[in-house]
Amino acid sequence: MSLVMKLVGIVVVVMVAAAPIAEATISCGQVVSTLSPCIGYVKGTEPEVRAPCCIAVKKLNGNSTPDRRAECTCLKQFYGEHREFDIKKAAAIPHICNVNVGYEISLSVDCSTIH
C-alpha cells in the first residue's frame with residue numbers, strides 16, 4: 001500500500017473519530033410544556049383527545065434520532081414519576097392523532113434503540 005493511501009486511511013479514521021456526536025436539541029421541559037394540551041386527556045379530566053393536543057404531538061415529533069430518543073426518555077421518566085396520569089391513554093394519543101412517533105410510549109420501552 002502506498003504512503004498516500006495509508007495517509008488517506010488515517011485521515012478518514014481521524015475524521016470519523018472526531019465527528020461530533022449528535023445531541024438532542026430539545027429538553028425534557030420543552031417536551032412536557034409542548035404536550036401540556038394533552039394533560040386533561042391523560043389525567044382523565046377530558047373524555048377525548050382535542051385538536052390542540054394533536055397539534056402539539058405533531059409539532060413535537062422529533063426530526064432527528066437524538067430528539068426522538070430525548071422525547072422518549074422524557075416521557076418514560078415523566079410517566080414513571082407521575083402515576084396519576086394514564087400512560088395507556090398517553091400511548092394512544094399518537095394513533096388517535098395519526099402521528100407516527102416511531103416508538104411505543106411505555107415504561108418498558110428502550111429509548112436507546114429508537115432511530
Side-chain angles (χ1 to χ4, degrees):
M1 186 185 297
S2 74
L3 180 60
V4 172
M5 292 303 289
K6 287 180 183 177
L7 287 174
V8 168
I10 291 170
V11 168
V12 168
V13 169
V14 169
M15 287 175 62
V16 169
I21 296 173
E23 293 185 21
T25 59
I26 191 163
S27 71
C28 194
Q30 290 170 310
V31 171
V32 172
S33 176
T34 300
L35 292 175
S36 64
C38 304
I39 295 295
Y41 177 72
V42 296
K43 200 167 186 181
T45 59
E46 292 181 8
E48 60 188 32
V49 175
R50 301 192 189 278
C53 175
C54 288
I55 291 167
V57 172
K58 288 174 185 171
K59 177 183 176 184
L60 186 66
N61 198 14
N63 293 322
S64 68
T65 296
D67 281 349
R68 285 188 294 278
R69 288 180 180 173
E71 292 162 8
C72 172
T73 301
C74 176
L75 293 173
K76 184 176 176 179
Q77 179 182 355
F78 179 84
Y79 288 110
E81 293 173 359
H82 298 277
R83 300 296 179 141
E84 67 271 22
F85 296 106
D86 187 340
I87 194 166
K88 290 180 183 178
K89 284 186 171 187
I93 292 173
H95 177 73
I96 293 167
C97 295
N98 199 27
V99 177
N100 180 5
V101 295
Y103 56 90
E104 177 186 1
I105 297 172
S106 81
L107 296 178
S108 61
V109 66
D110 181 356
C111 298
S112 70
T113 63
I114 294 170
H115 298 286

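Counting begins at 1 with the first residue of the sequence. The shown structure was predicted, so the numbers you read here are calculated from the model rather than taken from an experiment. Values below: every heavy atom of this structure, side chains too, minus hydrogens, waters and symmetry copies.
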Mark yes or no for whether [X], through its side chain, and [Y], through its backbone, hold a donor-acceptor pair below 3.5 Å.
X   : Y   : answer
R68 : N61 : no
T34 : A56 : no
S36 : S33 : yes

Closest contact, heavy atoms only, [X] versus [Y]:
X    : Y    : answer
V57  : C38  : CG2-SG, 4.1 Å
D110 : T113 : O-OG1, 2.8 Å
L107 : R83  : CD1-NH1, 3.5 Å

Is the shortest heavy-atom distance from the side chain of F78 to the side chain of L35 under 4.5 Å?
no

Rounded distance [0.5 Å steps], [atom1] in [X] versus [atom2] in [Y]:
X    : Y   : atom1 : atom2 : value
T65  : R69 : OG1   : CZ    : 6.0 Å
S106 : K76 : OG    : NZ    : 7.0 Å
C72  : Q77 : SG    : CD    : 11.5 Å
H82  : I87 : NE2   : CD1   : 12.0 Å

My understanding is that only residues two or more places apart in sequence, or in another chain, count here; which of them pass side chain to side chain donor-acceptor pair (under 3.5 Å) with E48?
none

Sequence neighbours left out, what passes side chain to side chain donor-acceptor pair (under 3.5 Å) with S27? Give chain and number order.
Q30

Qualifying residue for side chain to side chain contact (heavy atoms under 4.5 Å, CB included) with L75, from V32, I105, L60:
I105

Enumerate, atom names and distances included, each donor-acceptor pair closer than 3.5 Å involving a side-chain atom of residues 93-103, sequence neighbours excluded.
residue: N100; atom: OD1; partner: G102; partner atom: N; Å: 2.9

